[in-house]
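Computed from heavy atoms alone, side chains included, the values below leave out hydrogens, waters and symmetry copies. Model, not experiment: these values are computed from the prediction. So that the names make sense, note that chain A is the first sequence line, chain B the second, and so on, each numbered from 1.
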2 protein chains.
Amino acid sequence: MEEKEIYKYEYPHPAVTADCVIFGFDGKSLRILLIERGVEPFKGSWALPGGFVRIDETVEEAAIRELQEETNVKGVYMSQLGVFSKVDRDPRERVITVAFYALVKPTDHDVIGGDDAASAQWFSLDDYPIPVFDHEQIIKAAYAQLQRNFRAGNVGLEMFEDKFSISQLYLLHSLVTQKDIDRRNFYKKMTSYDYIEPTNEKMSDTPHKPSQLFSIDRMTYDSELKESFNLIRFDLDEKTDDDKLKTNKKK
Amino acid sequence: MEEKEIYKYEYPHPAVTADCVIFGFDGKSLRILLIERGVEPFKGSWALPGGFVRIDETVEEAAIRELQEETNVKGVYMSQLGVFSKVDRDPRERVITVAFYALVKPTDHDVIGGDDAASAQWFSLDDYPIPVFDHEQIIKAAYAQLQRNFRAGNVGLEMFEDKFSISQLYLLHSLVTQKDIDRRNFYKKMTSYDYIEPTNEKMSDTPHKPSQLFSIDRMTYDSELKESFNLIRFDLDEKTDDDKLKTNKKK
DNA sequence: CCAAAAGTGTTACGAATACACCCATGA
DNA sequence: TCATGGGTGTATTCGTAACACTTTTGG
C-alpha cells in the first residue's frame, strides 16, 4: 500500500472529480440517472455517475468518460453546472467536484452499469433514493439551473436526437418549468421558430389523434441558442475546453 | 527540496486554483484588475489575481482570500464563472482553475499589490497587457458572461455600495451591452423598479445639471435578482458553499 | 449665452396572455 | 359513439422601442 503512494507534492493537493446530473424525459415523466456504487466508500448506495479527473484529461473529458463507463450513456450534450468544494464533502480525502448536467431521452440510451458502478438506473424525479456525498445538493442545484434555463426561454431541443411532436415538448416544458402553460400559445410559439420544421410524418401510439412530427434545423437552433445561453455542449470527440471559448470564431 | 515533498498520493492529483476577473466601472469606462506576478513562473508578467486553493478552504474562500491578499480588494460580490482545465494551461504542473468574476467600483477599493503580486493595477478593457497562462480566455469568457447577464436583464446594482445616479447606470449598461439604449426608456425602466428609490440628494461635479441620486433597496433587489439569475454572491464571512444551495431547501 | 448633460411624455409595435371549440383516432 | 388527446384563431394586455424638447448648471 505504501508502495503505491508514489505521487508527491510539496503542498497538499485536493482530488478533483467530475459528476453528471443526467435528467431524462421519456415522453411521460422526468427521471434522473443514478448509479449504485460498486466500490467503497458507500458501496451499495446510490450516487451520481462521475469519478476522478485523470491527470491528462480535462474535466469535460472526465465527465463524458465516467458517464459512459458507469452507465453506458454517451453522446449527450452536457453543460457545466459549477464547482462544489465543501471541505468535508468526501470522507476519504479532500475532493473538489465539477458538476455537469444534461437532459436526454432515456430511450435513446441503453443504461448499463459498469466499471465502478454495480448498476445504473433511472428514477423518477419525485421519488429517488437520496444519494451519498453532497449529491442531493448537486441535483437540486442542477434542477434549479434547468428550470431557470427553460423559464428564460431555452427550448430544450438538444435532447431530441431526431423527430419530436409539439405535445411531447409541451409536456416537457410543463414538467420542467412547473407552470401551466397555455397549450395553444405554446403550439403557436414553437411552430413560429424557424428551426422547428414540420415533416409529413405522424406518430400514433395511443388511442387518439396521431401527432404531427417536427424536425429540428440543428444548425439554426444551435446558433440561436448558443448566443443567448451559456450552453456549452460537447461530445465524445470534441476538444471542449477550447470550444468553450471559440463561440465567436466557429461557424 | 526533496525534503519538502511530503504530501503523497496513490494517484496523481492536479493543483486547484481560484482566479478572479474583477471588472471595474468608475463612472467613465470599464476596467479590469490585473496583478504583476511577483513569483515564477512568468514573474513580472501580468495575470489575473488568484492562487492555490488551500486544503482546508472552499474555492470561494480561496478566491476571496487571494483577491484580498494580492490586490487589497475585499467585500465584493463574486459569481462563479466556470472551470478551466486544459491539461497544459500551466507550465509547472497540472493546474485546474475555478474562475470567478465580479463588477465593482474601483474607487471603493484601494488597490495595493501584495503577497505574490508585485503590484496590482486597473487597466482599460480596451487596452490591457495580455495576461499569462490562459487568463486572456478567462477574461473573454467572463466578459461574455457579464454581457449575457446584462442583456438578459441584470441591472448590475450589486457594484454600487451606496447611492448612484441613473446616468451612471446608463453609461454602465451602454458599455457592457454594447448597444445604444434609448436614454428615456432606460430612465423610465429603472425608475419603475421598486428596489430603486429616489433620494433628495443630488450630485454635481461637472459643468452641467446635477444628477439625482437614487438608493437601492438591497433586500428587494437581491430577492428579485437571485431568483432569475444564478448570481451567487458571497462575502468575506459567508459560508458560501452552503448558501449556494440553500435557495431551494425543500419543495 | 453657450455647451453639456439631466430629465421627461406619448405613440406604436410586437410578444405574451387569456380564452373555447372542432378533429381524428382506437376502443 | 365516445373518450382521449391533437390541433387551431382572435382579442387584450403589457413591456419594449421609437422619437425631441426643456432644464440646469458652469464656463
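- Legend: residues meeting ring pair (Phe, Tyr, Trp, His ring centres under 6.0 Å) with B/Trp122, ordered by chain and number and at least two apart, are absent.
- Atom CD1 of B/Ile181 is separated from atom P of D/dC19 by 16 Å (rounded to the nearest Å).
- For the ring pair (Phe, Tyr, Trp, His ring centres under 6.0 Å) test, residues two or more places apart in sequence or in another chain that qualify with A/Phe164 are A/Phe160.
- Residues that satisfy the salt bridge (Lys or Arg N to Asp or Glu O under 4.0 Å) test with B/Arg151, not counting sequence neighbours, are absent from this structure.
- Residue pairs that meet the salt bridge (Lys or Arg N to Asp or Glu O under 4.0 Å) test with at least one member in residues 24-34 of chain A, sequence neighbours left out, are A/Asp26-A/Arg31.
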Show the distances under 3.5 angstrom between N or O atoms of the protein and N or O atoms of nucleotides 24-27 of chain D.
from, atom 1, to, atom 2, distance (Å)
D/dT24, O2, B/Lys209, N, 3.3

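- Remark: B/Asp134 engages B/Arg89 in a salt bridge (Lys or Arg N to Asp or Glu O under 4.0 Å) (not counting sequence neighbours).
- Chain A approaches DNA chain C over the interval C/dT17 to C/dG26, counting the first and last nucleotide 5' to 3' with an atom under 4.0 Å from its heavy atoms.
- Both B/Ser165 and A/Arg183 lie near DNA chain C, and the one whose nearest nucleotide falls closer to the 5' end is B/Ser165.
- With sequence neighbours left out, A/Phe186 forms a ring pair (Phe, Tyr, Trp, His ring centres under 6.0 Å) with A/Tyr170, A/His173.
- In the model, B/Glu136 has a side-chain atom that pairs as donor or acceptor with a side-chain atom of B/Tyr128 under 3.5 Å.
- Here the C1' atom of nucleotide D/dG6 and the CG atom of A/Asp182 are 14 Å apart, to the nearest Å.
- In this structure, NE2 of B/His173 is placed 17 Å from C1' of D/dA17, rounded to the nearest angstrom.
- Look at CD on A/Gln168: it is 10 Å from P on D/dG6, rounded to the nearest Å.
- Residues meeting the salt bridge (Lys or Arg N to Asp or Glu O under 4.0 Å) test with B/Asp108, sequence neighbours left out: none.
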Q: Could you walk me through whether A/Asp222 and A/Glu158 pass the side-chain contact (heavy atoms from CB on, under 4.5 Å) test, one step at a time?
A: CA-CA 9 Å; A/Asp222 280 9; A/Glu158 58 276 8; over 6 Å; no
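- Applying the side chain to side chain donor-acceptor pair (under 3.5 Å) rule to B/Thr71 yields no partners; only residues at least two apart in sequence or on another chain are considered.
- In this structure, the CG atom of B/Asp180 is 11 Å from the P atom of D/dC19, given to the nearest Å.
- Sorted by residue number, the members of residues 184-197 of chain A with any non-hydrogen atom under 4.0 Å from DNA chain D read A/Arg184, A/Tyr187, A/Lys188.
- By the salt bridge (Lys or Arg N to Asp or Glu O under 4.0 Å) test, B/Glu201 pairs with B/Lys163, sequence neighbours left out.
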